[in-house]
Amino acid sequence: MTEARIDYARLLNSAQYEAVTSIDGPLLVIAGAGSGKTRTLVYRVAYLVERGIPPESILLLTFTRKAAMEMLSRASELLDGRCQRVAGGTFHSTGNQILRQYGDCVGYGNGFTIMDRSDSEDALGLLIDRLGLKSSGRRFPKKSTVNSIFSKMVNCSLDLDGVLDENFPQFLEFGADLQGLYVAYEQYKLEQRLMDYDDLLRHWWRLLEEQPAVRKLLSQNYRYIMVDEYQDTNLLQAEIIRLLASEHPNVMVVGDDSQSIYSFRGARFRNIMDFPKLFPQARVLKLEQNYRSTQPILDFTNVLISQAREQYTKYLFSRRESEVLPVLASVGGERDQSLFVVRALREFQLVGIALEDMAVLFRASFHSYDLEVELARAGIPFAKYGGLRFAESAHLKDVIAHLRVLHNPLDAVSWHRLLLLVEGIGPRTAQRLINWLMTHAASATAVRDYISEQKKTAGMTRLEPLAALMEEITDPQRTLVERIQAVRSYYEPIAMRKYDDYPKRFRDLDFLEEWAEQYPSLQTLLTDLTLEPPDFFSHKADLRESGRLTLSTVHSAKGLEWRVVFIIAAAEGRFPSPYASYRTEDLEEELRLFYVASTRAKDHLLISYPMRFGGFQEQDYGGRPSPFLQSISRRVLQRVYGEDFHLKLQGDDAKQPERRKNPTGAKPEGSPLQAQRADYLPGQRLDHAEFGRGVVLKVESHHAVVVFEKHGKKILELHIPSPSTGAESATRRGADAERGRREDGESMGAGVGKPWDQ
DNA sequence: GTTTACGCATCCCCG
DNA sequence: ATGCGTAAAC
């Protein structure tokens, strides 16, 4: 057991080794993009298990369950199968498991059903109606808005007024109504044994906070806690961690403040900065060596993130040299962009890069519609991630509703949904039936009793098929798949009336039926469908083997990497999202999002923006590249026209003579802090006499900001040769030139001039 | 009194 | 393409 089989010191760099072997006490690891964060966690799991720590007492919290499973199976390969027994998953799924055991401690008796976002909104809609909040004349917030207000309250530990003041001042006048609605919603969920996503965290927290005995038990159980993607946790989650660690200090959190992209869900990257306050003895380690990307890609991403107002302290460097710069390609319209991507994909394929090693990323799911059409036409297989989820489409929710009332007959949200499917039943009749069910008999088969009781009323015969179905699927003899089949044969005629495109939807139901086979119980199936909904290519391994191109939102691409990454729709009005263009902190998050997208690339990064694009706000944007890119030097980001793009164009030495001929940059004479301004250009790497290797971030009139590998960010004073020369940095000239073009109204699409780069 | 049909605006990211 | 409010139909 004590015999070390893994040579950790040899397999890890010194910072990683420290992170892996410091197993006792609080530890914060700041891990830059591609710095081997996952590797570190995997080795740490193996190290802990190898040292004889029972795997069941290790808790690994990750952002998706997929990530957790992947890490555990890698750890198992490294060591042995014991690693699979480590407890792990998302905060929500872990909360779910714990609350299934201790639900009665927080007022939920035996069992509950988890609602997804649209279920919450349905419930809120019903309550808004019931409380008559809509008729009060003025415009009451939409139910989706109400949902996000309530969610912010929970995730940011604020009261209603706090959230309204901060984020929704336009709804301050509805304070009292919203407060009443909040209370009603709480009660509604409790009565019906429903929990929304936030409840899984909130009740988990309550359990730990209010039940010292349970807290002690759980904390003693999970002796070693690891949290991945800590920058995307919210206040409530940080509190949960603190409480889980009440009996020991063994908490390791890993994160990167530059990659915090979930503030809409309450994430606060400040949790990282505050970790040492929560755990005063915390050690802090930084992983700064990047093993993923080439140095030119990192030069670009370093400069990109330096535009953030919140200053970060990481400097990423790589040993992967390359001549190939990231490219910003301008294309005429969305169709031209798709053609550009397809053409470039083919070129990469020709030099031996497989489709599964490439990805196209975008800000919003609909940005890839045109490309999807073009890929289909070109016969290029792809898999898309992000956007609407499988279990959220109407037809699946319809089928699932029938299964949910089976599991939880109190679930009025699902009753409501499935009753409205019956012809002749509207909200009124549905409500009456639901009221009757709730007061008389809490069982799915009680529909029959209701019919008998109401026999006189016309229309009750319409409920006959439903009553028969409920009786059939309640039969304990039936397997899960048989029940789904029964629901389908009841539902499909309804769907045929409702949807013109029913064949496509029936194929989804086929998939559901197949998917359900692996589940031992209805409850676990229902939980997974809301917590970890399947996508059609559920394991990344499948995807890699399948020879498909990946299309993904940036959010869904978090933590992944590809040899070639395209970022499309990097245009003003697209990225940053126009919804996030008002508040500085929202814009900063968009910048971090762009940073996340860019740091996914290992070898090639190609960013494109259409000059014209469709959509309702078309007129407002003049076809400029994303503001995040506009002032970035051509030394780190090459500009081309999409139609001119060719692999050879990249890395053409003739285009970047000064960069290639003097790659180590300036070594100023005299004072180490002085240099001629012309020696310093943003993005330029240099080897400084005193501070060693670094990269120039910004050049101002009298100083330059340089980040050094060993010494971090330094401000170097610039010696200016002579004012009469009017020396201007390349950035300045570049920015002015670009602005000039725009103001002249010179259209790039007109084909005047060639790549701006020369 | 209830249900349904139709025209309307809206459309980001996610456990 | 789905979710809303309103008007016609049962």
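In what follows, every chain begins at residue 1, and chains take the letters A, B, ... in the order their sequences are listed.
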Which nucleotide sits closest to the side chain of S577(A): dC12(B), dT2(B), dC14(B)? dC12(B)
Take a 6.0 Å sphere around CZ of R428(A) and say whether it holds more than 12 heavy atoms from other residues, nucleotides or ligands. no
When you measure from the side chain of T429(A), which nucleotide among dC13(B), dT3(B), dT2(C) comes out closest? dT3(B)
Does atom OH of Y502(A) have more than 12 heavy-atom neighbours from other groups under 6.0 Å away? no
Separation of dC12(B) atom P from R583(A) atom CZ, nearest Å, is 16 Å
To the nearest angstrom, the CD-P distance between E392(A) and dT2(C) comes to 13 Å
Dot-bracket for DNA chain B: what is it, with Watson-Crick or G-U pairs under 3.5 Å, [ ] where a pair crosses earlier ones, and | for a pair to another strand? |||||||||......
Atom OH of Y385(A) to atom C1' of dC13(B): distance rounded to whole Å? 17 Å
I need the CG-C1' distance between L551(A) and dC12(B), as an integer number of Å. 16 Å
So what does S365(A) touch, heavy atoms closer than 4.0 Å: a base, only the sugar-phosphate, or nothing? sugar-phosphate
In whole angstroms, how far is the P atom of dC14(B) from the CD atom of E121(A)? 15 Å
Any donor-acceptor pair under 3.5 Å linking the side chain of E589(A) with the backbone of D586(A)? no
Relative to the ring of Y197(A), is the ring of H92(A) parallel (under 30°), tilted (30 to 60°) or perpendicular (over 60°)? perpendicular
Looking at every strand, decide which applies to R432(A) at a 4.0 Å heavy-atom threshold: base, sugar-phosphate, or nothing. sugar-phosphate
K143(A) has a side chain; which of dC12(B), dC14(B), dC4(C) sits nearest to it? dC4(C)
Counting any heavy atom closer than 4.0 Å, what does R505(A) reach on the DNA or RNA strands: base, sugar-phosphate only, or nothing? sugar-phosphate
Among dT2(B), dC12(B), dC14(B), find the nucleotide with the atom closest to the side chain of Y579(A). dC12(B)
Taking for each residue the nucleotide of DNA chain B with the nearest heavy atom, is it E589(A) or G424(A) whose nucleotide lies nearer the 5' end? G424(A)
Examine dC14(B): is either OP1 or OP2 under 4.0 Å from a nitrogen or oxygen in the side chain of Y262(A)? Give yes or no. no
Given atom CD of Q431(A) and atom P of dT2(B), what is their separation to the nearest angstrom? 12 Å
Quick check: Y491(A) with H395(A) (ring centres under 6.0 Å apart)? no
Is any side-chain N of the basic residue among K498(A) and D398(A) closer than 4.0 Å to the acidic one's carboxylate O? yes
At under 4.0 Å between heavy atoms, what does R65(A) touch on the DNA or RNA strands: base, sugar-phosphate, or nothing? nothing
Is there a side-chain contact between F628(A) and I305(A), using heavy atoms and a 4.5 Å cut-off? no
Any K498(A) side-chain nitrogen or oxygen under 4.0 Å from OP1 or OP2 of dA5(B): no
On the nucleotide dC12(B), are OP1 or OP2 found under 4.0 Å from the side-chain N or O atoms that R574(A) carries? no
Among dC14(B), dG5(C), dC12(B), the one nearest any side-chain atom of K134(A) is dG5(C)
Contact class for D116(A) vs. all strands (heavy atom < 4.0 Å): base, sugar-phosphate, or nothing? nothing
Please determine if D196(A) and K189(A) form a salt bridge, counting it only when a charged side-chain N lies under 4.0 Å from a carboxylate O. yes
For the side chain of E423(A), starting at C-beta, report the closest nucleotide among dC14(B), dT4(B), dT2(C). dT4(B)
Verify stack between F366(A) ring and dC12(B) base, 5.5 Å, 30 degrees: no
If you measure from the Lys or Arg side-chain nitrogens to the Asp or Glu carboxylate oxygens, is any gap between D119(A) and R404(A) under 4.0 Å? yes
Without decimals, in angstroms, what is the distance between N147(A) CG and dC14(B) P? 16 Å
Given dT2(B), dC12(B), dC13(B), which nucleotide is nearest the side-chain atoms of R428(A)? dT2(B)
For atom OH of Y499(A) and atom C1' of dA1(C), their distance in whole Å: 12 Å
